[in-house]
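Below is one structure, written out as structure tokens; comments come after it.
Since the model is a prediction, treat every value here as computed from it, not as a measurement. In each ligand, atom 1 is the first atom listed, and ligand 1 is the first ligand listed.
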Amino acid sequence: MIDTHSHLFEDEFSDDLDQCISRCKSQGVNKIVLVGFSESTNNKAMELSRKYNIFYPTAGMHPCEADDGWQKKVMILQDFLKANKVYAIGECGLDYHYGKDNIENQKKLFKAQIELAILYDLPLIVHMRDATMDTYEILSKYKGMLRGVMHCYSGSLEMANEFVKLGFYISLGGPVTFKNAKESKRVATNIPIDRLLVETDCPYLAPGIYRGKRNESSYVVYVASEIAKLREMSYEDVEKITSLNSEKLFGI
Ligand code: NI
């Protein structure tokens with residue numbers, strides 16, 4: 001099993017990271033994509049990946065970073081990519097949840113990272129919140145040049161299929177286990193299985209039984225078992241197929 005989106009470098013894990021990693025191993029979670037989203041977290045993901053071979057680091061600039069200094073941040077990211085081996089660009093994308101006053105900067109920061117993903121031939125990890133149509137419009141301009149994942153996807157099945165057509169995988173996390181998550185369950189049930197990934201986005205978005213508590217990478221097994229139940233497949237098959245998908249996308 002692979003957690004394709006984890007932030008185990010966060011302070012929430014500073015006291016028990018080793019235990020978190022052993023819980024992963026005992027649950028069969030043997031690879032973790034460690035996702036950076038700012039200058040400091042890109043560095044943290046890289047440092048931890050040197051220490052623990054379970055981790056595969058990425059580097060990106062979250063839409064929260066889209067202030068007037070966004071161009072400098074792109075240069076910092078590019079320097080980082082020259083000096084370090086990462087497995088994806090991101091997370092990056094558009095987030096209109098907290099307001100729309102920096103939309104233009106968000107779009108520019110996002111496009112710059114799409115171009116880095118193409119330049120470095122790396123997959124793109126896309127964060128999309130309350131910004132489906134703008135995200136789709138930007139990504140569709142790069143159709144055929146880009147591969148990646150819509151991380152912690154929470155949109156409709158119809159749009160999920162459109163992102164699949166653009167060359168993207170759909171990654172589901174803890175929210176698919178929530179009782180009222182009808183649309184996520186519809187996505188989990190109907191999306192082509194060869195395009196499905198699983199993730200935690202820990203420490204955020206814990207699955208239903210731990211809702212509101214700290215999430216951790218080993219809980220990705222709850223996401224996989226929910227998907228197995230919804231698709232009437234064995235857990236082992238979901239594990240096998242989503243792991244193969246992740247290995248193919250990230251080259252891990
Ligand atoms: Ni994240």
If you count every heavy atom of other residues, nucleotides or ligands that lies below 6.0 Å from Lys229 atom NZ, does the total exceed 12?
no
Step through it carefully: locate the ring centre of Tyr219, locate the ring centre of Tyr210, and say whether they are under 6.0 Å apart.
yes
Kindly confirm whether the Ni ion (ligand 1) is within less than 2.8 Å of some N/O/S atom in His5?
yes
Under 4.5 Å between any side-chain heavy atoms of Tyr204 and Asn215, yes or no?
no
Do Tyr169 and Phe163 have their ring centres less than 6.0 Å from each other?
no
Need the atom name: nearest N/O/S atom of Asp201 to the Ni ion (ligand 1).
OD1
Quick check: does His151 have an N/O/S atom under 2.8 Å of the Ni ion (ligand 1)?
no
Considering just N/O/S atoms, say which atom of Glu91 is closest to the Ni ion (ligand 1).
OE2
